[in-house]
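Data first, discussion second: the structure below is written as structure tokens.
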Protein chains: 2
Amino acid sequence: MKISTKGRYAVRLMVDLAQNNTGANVSLKDVAKRQDLSVKYLEQIITLLTKSGYVISTRGANGGYRLAQKPENYTVGMILRLTEGSLAPVACVESDVNMCPRKDDCCTIFVWKKLYKAICDVVDNITIADIVNMGADNYII
Amino acid sequence: MKISTKGRYAVRLMVDLAQNNTGANVSLKDVAKRQDLSVKYLEQIITLLTKSGYVISTRGANGGYRLAQKPENYTVGMILRLTEGSLAPVACVESDVNMCPRKDDCCTIFVWKKLYKAICDVVDNITIADIVNMGADNYII
DNA sequence: CCTATATCATATAAGATTGCTATGAATTAA
DNA sequence: TTAATTCATAGCAATCTTATATGATATAGG
């Protein structure tokens with residue numbers, strides 16, 4: 001039940017792009033320095049974000065990245081699904097693709113469905129803008 | 001964000017013991033047959049449950065397992081924490097053991113804390129008895 | 001005492017995933 | 001032309017997952 005570094009770094013990456021948006025491109029080198037992460041690993045992660053159109057890239061000198069849309073348009077859920085894959089705690093609670101033969105008389109599936117819903121309710125209702133606006137010491141749980 | 005087979009089988013195992021409690025011992029062979037799982041794998045899983053005192057074992061012929069307490073005393077959370085380890089989606093949201101150096105000015109930690117709380121709220125409020133009482137076709141999400 | 005039936009204790013292992021690092025090509029501003 | 005970037009792949013050690021395998025130990029019943 002862990003979120004991998006890939007997913008977590010992707011969120012931090014998006015937040016960093018939002019925080020450092022001055023209209024100019026933001027280079028991964030700068031992000032990596034600020035976030036204390038490897039440029040090379042971030043390159044792999046941002047590839048997913050650019051290919052999905054969440055981030056716009058510009059090559060060459062003075063190149064870099066920008067958010068394609070406003071921070072409030074990106075939920076944590078969108079980013080995690082992209083990087084982590086499905087957020088379902090077990091495969092059988094989603095598409096019929098991974099249809100389990102025991103599904104019909106499985107008495108535990110409602111547990112996983114409820115868990116899945118709870119997870120989605122959280123990540124689909126927090127945006128990058130929420131994170132940016134949330135100061136480090138005044139958050140409420 | 002997946003729950004492994006170990007955790008899922010552990011829950012099914014506990015439910016099976018609850019459902020088939022006649023006062024007599026329940027052998028893993030029977031559980032394995034009903035749940036369509038390997039006896040050997042179940043042995044490993046139930047070891048965790050017996051060592052924690054959730055299940056009482058009896059060796060030898062006519063031996064087997066019984067729940068130590070009533071099904072309503074076991075939550076899904078208890079079982080998953082035992083088999084999966086911590087349910088925290090990221091290490092930094094729990095004990096100070098895995099203290100992250102960025103923790104104090106980390107603006108994403110509230111996301112993971114909220115997610116962690118949501119997960120716990122679900123798994124700590126469903127008991128084995130709830131699962132047993134929940135028919136396969138009349139559950140409500 | 002013998003045997004069948006259980007649990008208990010370890011060891012092994014293939015395959016997948018994680019969390020990176022490495023190499024180098026392609027693009028572009030200055 | 002050069003320096004700064006992104007882009008595209010490959011590689012790899014470590015760990016985790018999901019079991020299977022072997023055999024020891026305990027016990028009820030005959």
Side-chain angles (χ1 to χ4, degrees), chain A residues 1-13 17 20 24-33 35-68 80 83-87 89-91 98 100, chain B residues 1-13 17 20 24-33 35-68 80 83-87 89-91 98 100:
Chain A
M1 284 295 287
K2 286 281 178 287
I3 293 188
S4 72
T5 55
K6 205 159 144 193
R8 287 187 281 132
Y9 294 177
V11 173
R12 281 168 60 186
L13 186 45
L17 291 183
N20 296 283
N25 289 318
V26 178
S27 76
L28 274 195
K29 195 179 150 198
D30 291 345
V31 176
K33 201 172 293 172
Q35 299 294 327
D36 194 28
L37 298 172
S38 130
V39 175
K40 280 299 169 193
Y41 196 21
L42 283 179
E43 279 183 356
Q44 286 180 29
I45 294 167
I46 209 163
T47 295
L48 297 166
L49 298 166
T50 34
K51 284 193 173 157
S52 311
Y54 294 1
V55 161
I56 292 173
S57 69
T58 311
R59 300 182 72 166
N62 293 341
Y65 302 90
R66 284 171 293 117
L67 293 186
L80 291 183
T83 50
E84 300 281 294
S86 163
L87 296 178
V90 305
N98 297 309
C100 171
Chain B
M1 286 293 287
K2 285 280 177 289
I3 293 187
S4 71
T5 56
K6 205 159 144 191
R8 286 187 282 134
Y9 293 177
V11 173
R12 279 168 64 184
L13 185 46
L17 291 182
N20 295 284
N25 290 316
V26 178
S27 75
L28 275 195
K29 194 177 148 200
D30 290 346
V31 176
K33 199 171 297 174
Q35 300 294 325
D36 193 27
L37 299 172
S38 127
V39 174
K40 280 298 170 192
Y41 196 22
L42 284 179
E43 278 182 358
Q44 287 181 31
I45 293 167
I46 208 162
T47 296
L48 297 166
L49 298 166
T50 33
K51 283 193 174 156
S52 313
Y54 293 1
V55 160
I56 292 173
S57 68
T58 310
R59 301 182 68 165
N62 293 341
Y65 301 89
R66 282 170 295 118
L67 293 185
L80 291 183
T83 49
E84 300 280 295
S86 163
L87 297 179
V90 304
N98 296 310
C100 170

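Throughout, a chain's letter reflects where its sequence line sits, starting with A, and its residues are numbered from 1.
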Subject >> D:dT5 OP1/OP2 closer than 4.0 Å to side-chain N/O of A:Tyr65 >> reply: no
Subject >> Phosphate contact (C:dG19 OP1 or OP2) by A:Lys6 side-chain N/O below 4.0 Å >> reply: no
**OP:** Please tell me which of A:Gly63 and A:Lys51 maps to the more 5' nucleotide of DNA chain D, matching each residue to the nucleotide holding its nearest heavy atom.
**Re:** A:Gly63
**OP:** Tell me whether the OP1 or OP2 atom of C:dA6 has a side-chain N or O from B:Asn62 closer than 4.0 Å.
**Re:** no
Original post:
Just to confirm, is there a sub-4.0 Å distance from OP1 or OP2 of C:dG19 to any side-chain nitrogen or oxygen of A:Thr5?
Top reply: yes
Original post:
Do any side-chain nitrogens or oxygens of B:Ser38 fall under 4.0 Å of OP1 or OP2 in D:dT20?
Top reply: yes
**OP:** May I have the distance from B:Ile3 (atom CD1) to C:dT17 (atom P), rounded to whole angstrom?
**Re:** 17 Å
**OP:** Keeping the roles fixed (side chain from B:Thr50, backbone from B:Thr47), state whether a donor-acceptor pair exists under 3.5 Å.
**Re:** yes
**OP:** Look at the side-chain N and O atoms of B:Tyr9 and state whether any lies under 4.0 Å from the OP1 or OP2 oxygen of D:dA19.
**Re:** yes
Original post:
Going from OH on B:Tyr54 to CG on B:Leu17, what distance comes out if it is rounded to the nearest 0.5 angstrom?
Top reply: 14.5 Å
Original post:
Is the shortest heavy-atom distance from the side chain of A:Arg66 to the side chain of A:Val26 under 4.5 Å?
Top reply: no
Original post:
How close do B:Thr83 and B:Ala10 get, heavy atom to heavy atom, and via which atoms?
Top reply: CG2-CB, 3.5 Å
Subject >> Spacing of B:Leu48 atom CG relative to D:dT18 atom P, expressed in whole Å >> reply: 14 Å
Subject >> Nearest-Å distance for atom pair CG/P, residues B:Asp30 and C:dT5 >> reply: 12 Å
Original post:
Mapping A:Gln44 and A:Thr58 to their closest nucleotides on DNA chain C, which lands nearer the 5' end?
Top reply: A:Gln44
Original post:
For D:dC7, does OP1 or OP2 lie under 4.0 Å from any side-chain N or O of A:Ser57?
Top reply: yes
**OP:** Specify the separation, in whole Å, of atom CD of A:Glu43 and atom P of D:dA4.
**Re:** 15 Å
**OP:** Figure out the CZ/P separation between A:Arg59 and D:dA8, and round it to whole Å.
**Re:** 7 Å
Original post:
Just wondering, are more than 12 heavy atoms of other shown residues or ligands nearer than 6.0 Å to NZ in A:Lys6?
Top reply: no
Original post:
For the pair made of CG in A:Asn25 and P in D:dC7, what is the distance, rounded to whole Å?
Top reply: 11 Å
Subject >> Nearest-nucleotide comparison on DNA chain C, the residue closer to the 5′ end among B:Ala61 and A:Glu84 >> reply: B:Ala61
Original post:
Starting at the 5' end of DNA chain D and moving along, which residue's nearest nucleotide shows up first, A:Thr50 or B:Ser4?
Top reply: A:Thr50
**OP:** For B:Lys40 and C:dT10, give me the distance from atom NZ to atom C1', rounded to whole Å.
**Re:** 11 Å
**OP:** Check the distance between D:dA4's C1' and A:Lys33's NZ and give it to me in whole angstrom.
**Re:** 13 Å
Original post:
So what does B:Leu28 hit on the nucleic acid, given a heavy-atom distance under 4.0 Å: a base, only sugar-phosphate, or nothing?
Top reply: sugar-phosphate
